[in-house]
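None of the values given here were measured: they were computed from a predicted structure.
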Amino acid sequence: MSAPPRWPLRVGLVGYGFAGRTFHAPLINATPGLELAAVCSRQRDAVLHDWPQVTVTPTPDALFTLPDLDMVVIATPNTTHADLAIAALRAGLHVVVDKPFTTTLEQARAVARVARKQGRFLSVFQNRRWDSDFLGIRNLITTGQVGRVTELESRMDRFRPLVRERWRETDAAGSGLWFDLGPHMADQALHLFGLPDLVQASLASLRDNARGDDWAQILLIYGERRVSLHCSLLAAWAGPRFVVQGTHGTIVKRHADQQENQLRAGMRPGDPGWGDDPDDMLVFDGTDTPRALPAPPGDQRIYYAMLRDAIMGRGHNPVPPIQAVALMAVMETCVESSRRQMALPLPLTEQERQDWLQGTP
């Protein structure tokens, strides 16, 4: 990689919908060494109201050709991710793509090839790796609090019985609940346990007038270990965020990380109480009373801080392209598994599997 041109790194954001407005802009602005310099959006007045110092462009191409830009964040509808990422890479920019990385495995491979050819950093915004709930259960797992993990259940449930008119709830490629919440849950599972031997999936559209899937049940098979991922838009009462079963006990994390709720409420990253999680983790060891352990604070700024350091030559890419490609293999294979109603292996090449092992800390 070539040396970074300056400090702070100047960042352009493509898209100012929910993801760009709620997550990316505040997190970039709150990360030392990064400067939100430009935003591509048709909502010019809204952008300037929130960030009066930025340049607003009407098209991605106009943003990519701005002078003195170092990095671009793609936060647009999923079907546009691959083409925009390739265009930005060919313009000589480092690129962050919001999840899901692309809509197909082949697109993911193509974007990764362009990044390698251009010698630019390419990363995917898997911000949920820095949620309090995941950080907490990962720490308990890695320190052996419940022995060898035999089963993990991860749930991200919502209650939205009415279908809304938005691209995420259509039947277009990359839409539906699995491509919305699935990348978070599947990435966390891969981060904990690596590549599964097989995946078995069931996707369904359960709401009246639903066009895309709004329910998913995924089983990742690791030898005798089982990892279950579940999401639904018809869950008025949501189950625990995580349940981990092990040879020495059980971990239960009842409620989810609060950073999204805090951002929606107008809190800025780094404000007092940012990332705090009042919901203890419960560890059961066969006795009547579980141990209550505090969850660590979440901080999704760490993703951008790690990427900043990688670009500056002081660390590693927090989500390198091979991890993005592997995750897309899981996403796509789950869709095929549901269609064929059978367990399937991941269609990764032997080289990709080796790259996974070498590129995953």
Please find the pair of heavy atoms, one from [X] and one from [Y], that lie closest to each other, and give the distance.
{"X": "I74", "Y": "V95", "value": "CG1-CG1, 4.2 Å"}
{"X": "T102", "Y": "A82", "value": "CG2-CB, 4.0 Å"}
{"X": "D288", "Y": "P290", "value": "O-CD, 3.9 Å"}

With a 3.5 Å cut-off and no angle check, do the side chains of [X] and [Y] form a donor-acceptor pair?
{"X": "Q258", "Y": "D276", "value": "no"}
{"X": "T150", "Y": "Q245", "value": "no"}
{"X": "D285", "Y": "T287", "value": "yes"}
{"X": "S228", "Y": "Q217", "value": "yes"}
{"X": "N317", "Y": "S123", "value": "yes"}

According to the salt bridge (Lys or Arg N to Asp or Glu O under 4.0 Å) rule, which pairs have a member within [range], sequence neighbours left out?
{"range": "residues 31-43", "result": "R10-E35"}
{"range": "residues 225-248", "result": "D133-R241"}
{"range": "residues 89-102", "result": "K99-D180"}
{"range": "residues 201-222", "result": "E169-R207, D171-R211, R207-D214"}

key: Gap separating the CD1 atom of I221 from the CG atom of L219, nearest 0.5 angstrom   =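 Going from the CD1 atom of I221 to the CG atom of L219 covers 4.5 Å.
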
request  = Mind checking the CZ-OG spacing from R339 to S202? Nearest 0.5 Å is all I need.
outcome  =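 With rounding to 0.5 Å, CZ (R339) is 14.0 Å from OG (S202).
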
key: Qualifying ring pair (Phe, Tyr, Trp, His ring centres under 6.0 Å) pairs with a residue from residues 211-238, counting only residues at least two apart or across chains   =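 Qualifying pairs, neighbours excluded: F193-Y222, W215-H230.
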
query = Got a sec, which pairs hit ring pair (Phe, Tyr, Trp, His ring centres under 6.0 Å) with one end in residues 238-296, sequence neighbours left out?
reply =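 Listed once each, the pairs would be none.
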
Could you tell me whether a side-chain N or O of [X] sits under 3.5 Å from a main-chain N or O of [Y], the two making a donor and an acceptor?
{"X": "R308", "Y": "L9", "answer": "no"}
{"X": "D257", "Y": "D131", "answer": "no"}
{"X": "Q262", "Y": "G275", "answer": "yes"}
{"X": "T31", "Y": "L34", "answer": "no"}
{"X": "S41", "Y": "R44", "answer": "no"}
{"X": "S338", "Y": "V335", "answer": "no"}
{"X": "Q200", "Y": "S337", "answer": "no"}

Less than 4.5 Å apart, any side-chain heavy atom of [X] and any of [Y]?
{"X": "F64", "Y": "L69", "answer": "no"}
{"X": "L140", "Y": "V283", "answer": "yes"}
{"X": "V163", "Y": "L233", "answer": "no"}
{"X": "I322", "Y": "E352", "answer": "yes"}
{"X": "V72", "Y": "C40", "answer": "no"}
{"X": "N127", "Y": "Y303", "answer": "no"}
{"X": "W51", "Y": "L36", "answer": "yes"}
{"X": "P183", "Y": "R128", "answer": "no"}

query = Considering residues, nucleotides and ligands other than E224, do more than 12 of their heavy atoms fall under 6.0 Å from its CD?
reply =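 Count not over threshold, so no.
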
task = Return yes when atom CG of N209 has more than 12 non-hydrogen atoms of other residues, nucleotides or ligands closer than 6.0 Å, and no otherwise.
result =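 No, because the 6.0 Å sphere around CG of N209 holds 12 heavy atoms or fewer from other groups.
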
Could you pull out all donor-acceptor pairs under 3.5 Å where a side-chain atom in residues 263-272 meets a protein atom, sequence neighbours excluded?
from	atom 1	to	atom 2	distance (Å)
R264	NE	E260	OE2	3.2
R264	NH2	E260	OE2	3.1
D271	OD2	R268	N	2.9

message = Using the ring-ring contact (aromatic ring centres under 6.0 Å, His included) criterion, which residues pair with H24? Sequence neighbours excluded.
response =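 Once residues adjacent in sequence are excluded, the partners of H24 under the ring-ring contact (aromatic ring centres under 6.0 Å, His included) criterion are F125.
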
task = Return the set of residues passing side-chain contact (heavy atoms from CB on, under 4.5 Å) with A46 (not counting sequence neighbours), or none when no residue passes.
result =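 Partners of A46 by the side-chain contact (heavy atoms from CB on, under 4.5 Å) criterion, ordered by chain and then number, come out as Q43.
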
ask   = Listed by chain and number, what are the side-chain contact (heavy atoms from CB on, under 4.5 Å) partners of L135, not counting sequence neighbours?
value =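 Here the qualifying residues are R138, P296.
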
request  = List for me each residue that meets side chain to side chain donor-acceptor pair (under 3.5 Å) alongside E332, sequence neighbours excluded, and say none if there are none.
outcome  =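 Applying side chain to side chain donor-acceptor pair (under 3.5 Å) to E332 gives none.
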
R109 and E106: CA distance, side-chain angles, deciding distance, salt bridge (Lys or Arg N to Asp or Glu O under 4.0 Å) verdict = CA-CA 5 Å; R109 287 167 168 158; E106 283 309 307; 2.5 Å; yes

query = Any salt bridge between D187 and R129, counting N to O under 4.0 Å?
reply =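 Looking at D187 and R129, the cut-off is met.
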
Side-chain cluster (under 4.5 Å, hydrophobic types only) that L344 belongs to, other residues =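 Hydrophobic cluster check, L344: joined to M342.
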
